[in-house]
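The structure appears below as structure tokens.
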Amino acid sequence: MPLKRFSIRVKLTIGALLPLFVAIMICSLAGIYTINSSVVRQAQEKVRTDLNSAREIYLSEVAHIRDVVSLTANAPFTATVFANGRHARLSSLLSPLRSSERLDMLTAVSSDGRVLFRARNPEVFGDSRAGDRLVSRALRGEAVAGTAIFSPEDLLMEGPDLARQATIEILETPRARPSNKQVGRSGMLLVSSAPVRDEAGRIVGALYGGVLLNGNNNLVDKIKTIVYEGVQFQGEDAGTATMFLDDLRINTNVQTKGGGRAIGTRLSEEVYNHVIVNQKKWIDPAFVVKDWYFSAYEPILDLDGKVVGSLYVGMLGKPYTAIKQKVTLIFCGVLLLGSLVGLAVSGFIGSRLSRPIRELQNLVKRFSAGEKDVQIAVTTSDEIGDLAGEFNIMTGKLNQREAEIRELNSELERKVSERTAELEEKNQLLIKAKEDLVRAEKLAAVGELAAGVAHEINNPMAIIRGNAELLQMAIPAANPCREEADIIAQQVGRVERIVASLLQFARRERRYLEKTNINRLLDEILGQVGHQVPLTGIMVRKEFAPELAQVNGDDGQLRQVFTNLILNAVQAMPDGGTLTVTTEEDIPAEVCVVTVGDTGIGIAPDNLQQIFNPFFTTKATGTGLGLSVSYGIVKDHGGSITVWSEEEKGATFTVSFPLNR
Ligand code: ADP
């Protein structure tokens, strides 16, 4: 499977973002954990101190009852009233006091423990309270104060309304400790007792009083007001306090779902075991009635130091949960924002970093596609900048090398074509030399043969000529045979001319070289040519170079060459035409150039190669030796002879000789 391709920009972005994201994530989790745990710890710590405050308030309430009871018991007239024992006196002492000090009960007992007077329930008296710890300890001279549990019967004696107040219907709540009771009837009271002594210091009785806590929320509301200052969260008290008799909530400001006070609900098994059974403080979150609270419980001991209930304070967990949520939300926001900013920043940096790389890639592509002038603008001073610089150097070197190679190539091509041209020239020269050699060999052979033949023919011809002349002389002019004799003499003359030509061709007479004026020579020839052939209808044009340098040559032989050429030209124009003779100097080549041109019949292409061969002729009476003899003479003079011709348009012969300067 092909690997997925990611651009450098994406990789850089991920590379930068991932650690950032992980770092923010770790910081967030650590932050959330730290803040949450410190919030919980602090909340829990606060509840611990709140419980101390609550205990102080509780104890101050006990102290208040103790003070009321002790001061009254110790007052000098109290013993007198006790000794008197009359209800009216006792009532006038105790009833206003109970009301003013808001005591639920204030009772006087005699020295043997019998009830003398109950300020709350004056009708019931005379019963013995000697077995009660509160009373017995006071009658032994001890002033006591603290918490006490009263049975329903005792409460009934103290006042039927008190017994009713103490009766609490047990409510079922989630997590509450299981119970088979429907109603709680015992009462928990803050009590105090003190002995009453006469002037001699003898104990004449005792006084005890107290406040019933069942259904009495004054104390817990006081705690709430003092400790939590009545702070609320979403309509609920943020701080609460409760007092338990055993596991039963007898007064509280914790609310039920219905909004009432949760009196009658019970402790959870866990808290009960911890606080009531094991007599330890509970400082931890706990589920109370319907919500979680940061809670603190401590046991309440009775006068004998036995655990009879517990005091509770708690702070609603919801505000802290809200803080935790808020903190978590803030951290999530920071994480998100940080990630977004990181994404933007790393994306920006990634794109800035990858831009020169992309540019480099494009330029490399363009360069490999053949573009020459490829240069990267080096903008960064890092490895990419170095790479771009190296790339520029590399392209520069490659371009330079390519230019050198191109130059070498064209130099090579130029040299090759030069050499080829030289070779071609040499080849042409070789072909020409070969042709010349063949021609020379041929001419030599022909010349040798011709010389032999001419030599052999000369003697018989002399005899024939002599006899023919004798015949001409012997035969009178009027004789019809005279014409044959004349023809014989005429043809003998022709044969002699041919033989002479042959001998000239074969022998190559010695050359007498001298300075020859070509213009003059041509003038002479043109002046005399009319004697040899009729020039009827022929226009002669002379275009001579005015100051033509002289040529070193044999006057007679050169005359023969030009005569041949001019005669051939005239013969090629039987119907008239223009004969053009030119001379000029070719300064660079240091030659004298003579052309003889006509507007005659021209030379067939097939014949062009043969006209310089001996005995080649197209004329009925031609010998075919004129041009071959001329060719030999020109060559002997170190010159050259060439021909241009087009059929029906004429021919031009060009002869050049080295100039004699
Ligand atoms: P001849 O004149 O006796 O034929 P040459 O050697 O002088 O011998 O000439 C050879 C042949 O070259 C001629 O027969 C003719 O065919 C051809 N020739 C030479 N000069 C000319 C010219 N000016 N125009 C046409 N043909 C020419």
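Values below: every heavy atom of this structure, side chains too, minus hydrogens, waters and symmetry copies. For ligands, and for the atoms within them, numbers begin at 1 and follow the listed sequence. One-based numbering along the sequence shown.
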Sorted by chain and number, sequence neighbours left out, ring pair (Phe, Tyr, Trp, His ring centres under 6.0 Å) with Tyr320 holds for Phe294
What residues, two or more places apart in sequence or in another chain, satisfy ring pair (Phe, Tyr, Trp, His ring centres under 6.0 Å) together with Phe562? none
Determine whether Thr654 and Thr595 satisfy the following criterion, side-chain hydrogen bond (donor to acceptor under 3.5 Å, both in side chains), listing intermediate values before the conclusion. CA-CA 4 Å; Thr654 305; Thr595 67; 5.7 Å; no
Heavy atoms only: which of Phe612, Phe615, Phe616 is nearest to atom 11 (C) of ligand 1?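 Going through Phe612, Phe615, Phe616 one by one, Phe616 has the nearest heavy atom to atom 11 (C) of ligand 1.
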Ranking Leu567, Ile611, Leu565 by closest non-hydrogen atom to atom 12 (O) of ligand 1, top hit is Ile611
Which of the numbered atoms in ligand 1 are below 4.0 angstrom from a heavy atom of Thr617?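 Every atom of ligand 1 under 4.0 Å from some heavy atom of Thr617: 1 (P), 4 (O), 14 (O).
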For Ala569, the ligand 1 atoms whose distance to one of its heavy atoms is below 4.0 Å: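 Heavy-atom distances to Ala569 below 4.0 Å select 23 (N).
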Considering only the protein, which heavy-atom contact is closest to [atom], and what is its distance?
| atom | value |
| --- | --- |
| atom 26 (N) of ligand 1 | Ile603 CG1, 3.8 Å |
| atom 2 (O) of ligand 1 | Lys619 NZ, 2.9 Å |
| atom 25 (C) of ligand 1 | Ala572 CB, 3.6 Å |
| atom 3 (O) of ligand 1 | Thr623 N, 2.8 Å |
| atom 16 (O) of ligand 1 | Thr618 OG1, 2.3 Å |

Which word best sums up how the rings of Phe612 and Tyr631 line up, parallel for under 30°, tilted for 30 to 60°, or perpendicular for over 60°?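 Ring orientation, 0 to 90° scale: tilted.
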Below 3.5 angstrom, do we get any N/O pair linking [X] and ligand 1?
| X | result |
| --- | --- |
| Gly624 | yes |
| Asp598 | yes |
| Ile601 | no |
| Asn568 | yes |

CG of Asp523 to CZ of Phe544: how many Å apart, nearest 0.5 Å? 5.0 Å
Just by modelled atom types, is the Gly577 backbone N or O under 3.5 Å from a matching donor or acceptor in the Thr599 side chain?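 Looks like no, no N/O pair under 3.5 Å.
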With the threshold set at under 4.0 angstrom, would you say Leu625 reaches ligand 1 through any of its heavy atoms?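 It does; at least one heavy atom falls under 4.0 Å.
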Contact partition for Leu627 relative to ligand 1, non-hydrogen atoms under 4.0 Å: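 Leu627 to ligand 1: contacts from backbone and side chain alike.
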Run the numbers on Gln234 and Lys318 for side-chain hydrogen bond (donor to acceptor under 3.5 Å, both in side chains), then give the verdict. CA-CA 9 Å; Gln234 294 173 351; Lys318 275 180 192 166; 5.0 Å; no
Given Leu548, which of Val593, Leu522, Asn517, Thr583 fulfils the side chain to side chain contact (heavy atoms under 4.5 Å, CB included) condition?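 Exactly one option meets the side chain to side chain contact (heavy atoms under 4.5 Å, CB included) with Leu548, and it is Thr583.
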Residues, nucleotides or ligands: over 12 heavy atoms within 6.0 Å of Gln472 CD: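 It does: Gln472 CD has more than 12 such atoms within range.
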Of all heavy-atom pairs between Val591 and Leu659, which one has the smallest distance, and what is that distance? C-CG, 3.6 Å
